[in-house]
Amino acid sequence: MGKRFSERSGAGASQLKRTKRYQQMRDRLKNPQNSFDISPGMKGFFVTCTRGREKKSALETIDLLEDYTGKLYPDLEDELRAEGEEGPNAGAEGPTASGGDIEADIARELAQMKSASTPKLFRYLPTTIECLIYIKCHKRIDPEQLVRFIFADITKTRQRKTRFTGRLIPAKVTTTSKLDAIVKGSKEVARDLLVDEAEPTTFALVVNIRYCDDIKRDDIIPAVAAMLDVKHKVDLKNAKYTLVIEVFKSMCTIGLVEDYNALRRLNLQTLFDEPNAKKAPHSIRTSEGGATTSRSSSPPPTSTIDKDIT
């Protein structure tokens, strides 16, 4: 009896474990935070944020983008509403309220409500990586132009508008993490620098790779730099233009930024910090004869993702 009961108990425990694992997988699939909907052809913004505050960062970033989009593209929403009204059934008059077709009246009212609603210009797409989010934007919006406009205004007004968001990097091209796709996307982003009429200038490359073992920085940098250094000169400290390439998992975002280092690598948190500001060392008392020594108050080393935030 004891052996049979033990065998049954073991089988029941094993079944319970399988059921628990199955339920956990279902919960993970139901959670939208675990979905990865970023695909080639999109454009938007690659954003770093505080760990555990990805949703809050996405909300405040979208608020920031919508605010400045209204200033930079004041007629965009009206144009999109007008295009929405000019659909296949636009202008077709249905029966009036006195005509008796209630379903047609309801359909017409719903269409009017939809056309009058505000168009959705931005959408938050999780990267499933801590401290990193992706904001997809409407095809009519130029991410590089919008980022320049935002940082020009914030630098002038010196007002912090975000709490959890770090770097706001334009993703004019989103492609796969394959080398040929990255080179092709870089040519598209840096098109104005590659034409014959372009004036010689300085450039730099910033390449970050996260959770991707299929490609290395040493593969990307020579391939992309080869098409730029024909006419332009490399300047790693004060480049006029910086091509920012962010590789994460199977995707890659590419954007061209002007005065990247002067704008603190597009970091909204450190934009107003003094360039040479350092934390003052604090004095502590040791046990060796009461001598006083100074030690730095800098925090311990952090992970690679945290370093990218600042």
Side-chain angles (χ1 to χ4, degrees), residues 36-48 125 127-129 131-137 139 142-148 166-267 303-305 307-309:
F36 190 82
D37 298 327
I38 305 171
S39 60
M42 293 181 178
K43 65 177 182 177
F45 306 87
F46 183 85
V47 184
T48 65
L125 299 178
T127 62
T128 68
I129 301 175
C131 308
L132 301 177
I133 62 177
Y134 184 96
I135 305 296
K136 179 184 177 182
C137 71
K139 61 182 180 180
D142 185 348
E144 296 174 349
Q145 184 184 24
L146 184 55
V147 166
R148 284 197 303 268
R167 299 168 65 200
L168 180 63
I169 304 170
K172 189 168 186 177
V173 167
T174 302
T175 184
T176 63
S177 58
K178 302 296 183 182
L179 181 59
D180 55 348
I182 294 175
V183 173
K184 181 180 178 180
S186 299
K187 287 182 179 179
E188 180 179 348
V189 172
R191 183 185 309 165
D192 294 339
L193 299 179
L194 300 176
V195 296
D196 296 336
E197 298 80 10
E199 294 292 334
T201 185
T202 56
F203 77 95
L205 299 179
V206 173
V207 179
N208 295 314
I209 300 177
R210 302 173 179 86
Y211 294 91
C212 180
D213 297 328
D214 298 334
I215 195 168
K216 306 297 181 183
R217 294 178 72 253
D218 294 339
D219 299 329
I220 299 174
I221 294 176
V224 176
M227 65 183 183
L228 289 171
D229 60 7
V230 175
K231 177 180 290 188
H232 309 296
K233 183 179 179 181
V234 177
D235 187 346
L236 301 180
K237 293 185 177 180
N238 298 305
K240 180 64 176 176
Y241 296 97
T242 301
L243 195 64
V244 183
I245 301 174
E246 298 283 352
V247 179
F248 58 101
K249 292 192 173 182
S250 60
M251 303 305 300
C252 174
T253 64
I254 308 171
L256 188 66
V257 181
E258 190 172 350
D259 299 326
Y260 179 74
N261 290 330
L263 295 175
R264 299 302 184 85
R265 301 189 304 163
L266 301 181
N267 195 320
S303 65
T304 303
I305 295 179
K307 289 180 181 178
D308 288 332
I309 295 177

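The first residue in the sequence is number 1, and the count goes up from there.
Between A190 and L228, the shortest heavy-atom distance links the atoms CB-CD2, 4.2 Å. Closest heavy-atom contact between V207 and R217: O-NE, 2.9 Å. The shortest heavy-atom contact between N261 and L236 is ND2-O, 3.5 Å. Between Y134 and A171 the shortest heavy-atom distance is CE1-CB, 4.2 Å. When every heavy atom of V257 is checked against every heavy atom of V244, the shortest pair comes out as CG2-CG2, 4.0 Å. Between T175 and A181 the shortest heavy-atom distance is OG1-CB, 3.2 Å.
Interatomic distance, CG of D213 versus OG of S177, reported as 10.5 Å (0.5 Å rounding). How far CG of L243 is from NZ of K172: 11.0 Å, rounded to the nearest 0.5 Å. Remark: L263 CG to N267 CG distance equals 11.0 Å, nearest 0.5 Å. If you take CG on D37 and CE on M42, they are separated by 7.0 Å, rounding to the nearest 0.5 Å. Atom-to-atom distance recorded for I215:CD1 and I209:CD1 is 6.0 Å, nearest 0.5 angstrom. With rounding to the nearest 0.5 angstrom, the OG1 atom of T253 is 10.0 Å from the CD1 atom of I182.
For K43 (side chain) and T174 (main-chain N/O), no donor-acceptor pair under 3.5 Å exists by modelled atom type. Remark: the backbone N or O of I38 is not paired with any side-chain donor or acceptor of K136 at under 3.5 angstrom. Without hydrogens or angle criteria, E144 side chain to L256 main chain gives a donor-acceptor distance under 3.5 Å. At distances below 3.5 Å, at least one donor-acceptor pair connects side-chain atoms of T127 with backbone N or O atoms of L132. Judged purely by atom type and a 3.5 angstrom limit, T48 uses its side chain to pair as donor or acceptor with the backbone of R167.
The side-chain heavy atoms of I245 and C252, taken from C-beta on, include a pair separated by under 4.5 Å. The closest side-chain heavy-atom distance from K178 to S250 is not below 4.5 Å.
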Stepwise side chain to side chain contact (heavy atoms under 4.5 Å, CB included) test for I169 and F45: CA-CA 6 Å; I169 304 170; F45 306 87; over 6 Å; no
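Screening H232, K237, K233 for a side-chain contact (heavy atoms from CB on, under 4.5 Å) with D235, the sole residue that qualifies is K237.
Other residues, nucleotides and ligands place more than 12 heavy atoms under 6.0 Å from the NZ atom of K231.
Using a cutoff of 4.0 Å between basic side-chain nitrogens and carboxylate oxygens, E199 and K240 are not scored as salt-bridged.
Aromatic ring orientation, F46 versus F248: tilted (interplanar angle from 30° to 60°).
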